[in-house]
Amino acid sequence: MPEDFLPLCLPSLDHHEISEVVKVLRSGWIKSGPIAERFEQEFVHVVGAHQAISVSSATAGFLLLMQALHIGPGAEVIIPSFTWPSFVNMITLLGATPVFADIIRDTFQIDPTSVSRVVTPKTRAVVAVHFAGHTADLDPLREICSFQKIHLIEDAAHAILSEYKGRRVGSFSNPAVFSFNATKNITTGEGGMISLADPELGDRIRLLRNLGIDRNAWRAHGKQAAKYDMIEPGWKCCLTDIQAAIGLAQLRKLSQLQKKREHLVSLYLKEISCVEDISVQRKAPYVTRHAWHLFPILFKLEHNYWCRDWLRDELMKRGIGSGIHYLPVHSLSYYKGCHELQREPLANTNYVGKRILSLPLFPDMLESDVLRVVNTLNSIISS
Ligand SMILES: *Cc1c(COP(=O)(O)O)cnc(C)c1O
């Protein structure tokens with residue numbers, strides 16, 4: 001492996017994160033507390049959310065949300081197969097049935113017409129994944145969900161600062177789940193945030209986030225702050241103040257980080273147009289800001305399915321990392337045999353899943369790194 005290895009992504013951390021963490025370590029309070037609450041408040045301000053609930057990961061947040069909505073055995077939840085398996089797993093572990101929807105071939109977003117074909121009286125929710133930071137088309141999905149009286153949930157793991165028709169993801173009234181794991185646009189190591197409008201649903205998620213134990217009820221009853229009660233068994237999914245301290249520092253530089261992503265992508269788009277057999281994600285007109293969590297390309301050689309993996313190996317030999325986002329969930333061993341989850345051929349998911357590749361993109365990357373990636377692609381493909 002060459003010494004000048006260019007990874008797929010790297011977090012942007014500096015003395016700001018370090019000093020915020022040190023403050024928490026010195027304070028004597030390191031579990032979830034005042035800093036996690038401040039992180040929630042600043043997040044509300046940044047995305048324009050009604051309220052925000054910090055959690056230990058997006059996966060955990062989605063689990064709490066599903067349980068808070070009483071989604072369990074007998075319920076179906078529609079989700080694209082073209083996604084990371086974590087939310088699909090949570091649906092499965094709660095005893096509900098994930099039902100896969102197809103994507104649109106050139107934007108890679110969930111296809112509302114596919115959703116309307118797989119919906120049944122058992123459907124309780126639709127999960128819209130904002131793939132790569134481009135958003136799903138929310139209006140037609142909202143229409144389907146309000147007609148069917150089911151929940152629309154946004155998987156916003158890639159979509160902090162994404163805008164749909166001029167409004168930020170996270171500012172709508174339906175729940176959206178964000179991720180701060182180490183690869184995401186801002187990170188807390190592991191972590192996540194749920195934005196939503198309904199105050200009762202929010203209270204229920206907060207309860208389930210900490211074992212279902214309600215201390216406030218006892219505070220309200222009298223002066224016995226040490227007592228507690230349990231309303232319903234919950235999980236243990238809080239974000240610690242140590243993690244939230246990293247998040248606060250990250251949130252404060254988010255807009256700078258985002259500008260760097262946008263600058264690098266504009267260079268990628270200009271340079272990559274000359275590379276044969278490569279196409280890029282089409283940007284739908286309803287997207288007013290793309291968060292560019294990933295920079296995906298499609299490698300189009302039709303005769304050989306292994307070409308994408310070959311291209312990936314060749315890039316790696318030349319010191320360039322890349323990623324596969326995503327292998328369709330229905331093609332993974334556990335889900336392969338579950339045919340009832342697949343009511344549609346998922347033709348676009350299969351097509352894209354075999355050809356897509358994410359190129360390196362992170363804020364501290366240099367313009368010369370972008371040129372190196374494109375030149376390397378060019379020389380591999382033309383040889
Ligand atoms: C990262 C990711 C998740 C899970 O986020 P965690 O915080 O790691 O649990 C879910 N969905 C998508 C699309 C993701 O990229």
Partners meeting salt bridge (Lys or Arg N to Asp or Glu O under 4.0 Å) with R168 (sequence neighbours left out) = E163

query = Between R209 and E40, is the closest basic N to carboxylate O distance under 4.0 Å?
reply = yes

Show me the donor-acceptor pairs within less than 3.5 Å that the side chains of residues 273-280 make with the rest of the protein, sequence neighbours left out.
from	atom 1	to	atom 2	distance (Å)
S273	OG	K270	O	2.9

task = List for me each residue that meets side-chain hydrogen bond (donor to acceptor under 3.5 Å, both in side chains) alongside Q109, sequence neighbours excluded, and say none if there are none.
result = H134

task = Please list, chain by chain and in numerical order, all residues satisfying side-chain hydrogen bond (donor to acceptor under 3.5 Å, both in side chains) with S114, sequence neighbours excluded.
result = E344

Could you verify whether a donor N or O on one side chain and an acceptor N or O on the other, from [X] and [Y], lie under 3.5 Å apart?
X	Y	answer
Q281	D106	no
T135	H130	no
W292	Q258	no
T92	Y335	yes
Q148	R124	no

task = Indicate yes or no for a side-chain donor-acceptor contact from R289 to the backbone of S162 under 3.5 Å, with no hydrogens or angles considered.
result = no

task = Report yes or no: is the cationic atom of R105 (NZ for Lys, CZ for Arg) closer than 6.0 Å to the six-membered ring centre of Y351, at no more than 45° off its axis?
result = yes

request  = Check ring pair (Phe, Tyr, Trp, His ring centres under 6.0 Å) between F172 and all other residues, then give those that pass, not counting sequence neighbours.
outcome  = none

task = With sequence neighbours excluded, tell me which residues meet ring pair (Phe, Tyr, Trp, His ring centres under 6.0 Å) with H293.
result = H158

inquiry  = Would you call the rings of Y164 and Y286 parallel, tilted or perpendicular, taking 30° and 60° as the class edges?
reply    = tilted

Aromatic ring pairing F39/F180, orientation class (parallel under 30°, perpendicular over 60°, tilted between) = tilted

